[in-house]
Protein chains: 2
Amino acid sequence: MAGIREMKKQQTRKAIMQAAVRLFNDKGFENTSIEELARAAGIGKGTIYSYFRTKSDILHAFCEDELVCLHQELTTHADQELPFLKQMVAIYMTEFRMITENREFGRLFLQQTAFPRTVDLKKHRENEDNYFRLLFPLLEKAQERGELRKDIELLSVTGHFYGLYLLLVSAWFTGWVTTDEAESTLETLFRQALEGLQPHPASTSAEGKRHA
Amino acid sequence: MAGIREMKKQQTRKAIMQAAVRLFNDKGFENTSIEELARAAGIGKGTIYSYFRTKSDILHAFCEDELVCLHQELTTHADQELPFLKQMVAIYMTEFRMITENREFGRLFLQQTAFPRTVDLKKHRENEDNYFRLLFPLLEKAQERGELRKDIELLSVTGHFYGLYLLLVSAWFTGWVTTDEAESTLETLFRQALEGLQPHPASTSAEGKRHA
DNA sequence: TATAAAAGTTGACTGCAGTCGAGAATATAG
DNA sequence: CTATATTCTCGACTGCAGTCAACTTTTATA
């Protein structure tokens, strides 16, 4: 009877996640203890650790679920006819909004995502795969439409955009960029990355000095 | 007598730092307790907290000292006649090497530097100021030599390079890039950022398809 | 030099993340 | 249905980061 156990496990996992979302929102991540969370989920403290390796793993699992949803929604519903630049801004701004919605959530999530512990790498890889599966088609289309060089690996291209996204978020956390400025900042950075930072050779060099 | 106190404080601070470097190197950051560290420095546990706000602050202070030294050394001794691209690669690779020398040191340092807590922002700002003071002259020289567009704010330019640096480090932590590959990867990314990701308009568009 | 105020030090104490062995619940075998 | 193996659950326990009120040392004042 391949089921009673498996069903209970799913239930318990869900109970933990639900209690976590509620408590973390009510009192914040730091102010919620594992014992409290266990009580709220109707289980013992130790049990939590057979579902999640650490406290922040719980937060992390929640963020990842949300992000996967958002990504999927975006790329299936996104306007494929928009200029490539706009598409990329739309995608990363969605991610940005989710991350910055709750400062502490976002900070912990990013710290783990950008600079993960060796031990967390396996999960990380899955997420990266998803990420590439979603972005590559867009990049290929952009190449076909002549909006993107064909002599650069797609992996590099995603790197450039992801790097600038990390920069934006970092700038937000350090106060350089406010929530309101974020979108236009990101668009500017992305445009500059597409155009290049060095003056255009020959014919276009004059154009490069537009707004001094 | 404006001194006995101040002198002792400097001594104590140095003692803590020295003990920390030794213990963290011997047994690792996680495996060294504050109590141990206090004993090694010949002071009481509580005293440490009147010099450093948290345990990782100690690590952080050490990393920052090192980085400031490195930066200063680099920009004063750097070969000003090297192409701009090479200069930037040299600077960020030095930072990269320091960060990746000890995985755990680097991870904690970056997590705090890129995505700091609100409470740590003040110190952070100082470091950023230093960073800009060192980079801006190089960028201005590059602009004069025609290696860099003049219609982009220098702040944005540093952003682009810093973003790619963050990307490189992130890629190292996630295993995408090995220590050996780092330098050539960074150089490629920086070159692409300078050239731009989109095909060059008109005259240069054919050239853009060099290595498919 | 005596005394009060300020600054610095201390380790016992608190609270919490994460462990572990004992025991309950479920599955499997005879 | 009973016996045994396996998997899951639990909370008492451990170890450590960080606090705090009592205490010590330095400085300021007279």
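Quick note on labels: first sequence line is chain A, next is B, and so on, each numbered from 1.
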To the nearest angstrom, how far is A:I58 atom CD1 from C:dG18 atom C1'?
12 Å
Find the distance A:M7:CE to C:dA27:P and express it as a whole number of Å.
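Answer to the nearest Å: 10 Å.
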Non-neighbouring partners of A:R53 that pass side-chain contact (heavy atoms from CB on, under 4.5 Å), sequence neighbours left out
A:D57, A:R117, A:V119, A:D120
Summarise how protein sits on nucleotides 3-17 of chain C as a single string, 5' to 3': B when a protein heavy atom is under 4.0 Å from the base, S for sugar-phosphate-only contact, - for no contact.
---BBSSBB-----B
B:Q72 vs B:N130 side-chain heavy atoms within contact, under 4.5 Å:
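Side chain of B:Q72 against side chain of B:N130, heavy atoms only: no contact under 4.5 Å found.
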Specify the residues of residues 15-24 of chain B, ordered by number, for which at least one heavy atom lies under 4.0 angstrom from an atom of DNA chain C.
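By residue number: none to list.
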So which of A:Y165, A:Y162, A:F161 actually passes ring-ring contact (aromatic ring centres under 6.0 Å, His included) with A:F190?
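Per the ring-ring contact (aromatic ring centres under 6.0 Å, His included) rule, the option paired with A:F190 is A:F161, out of A:Y165, A:Y162, A:F161.
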Identify whether the distance between the nearest side-chain nitrogen and carboxylate oxygen of A:K150 and A:E144 falls below 4.0 Å.
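Result for this pair is no, no salt bridge flagged.
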Heavy-atom pair of closest approach, residues B:L186 and B:L164:
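Heavy atoms only, the tightest pair is CD1-O, 4.2 Å.
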Can you name the nearest heavy-atom pair linking B:F84 to B:E147, along with the distance?
N-OE2, 3.3 Å
For residues A:H124 and A:Q112, is any side-chain donor paired with an opposing acceptor at under 3.5 Å?
no
Looking at B:F29, I'd like to know if the NZ or CZ of B:K55 sits under 6.0 Å from its six-membered ring centre while staying within 45 degrees of the ring's axis.
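Flagged: B:K55 positioned over aromatic ring of B:F29.
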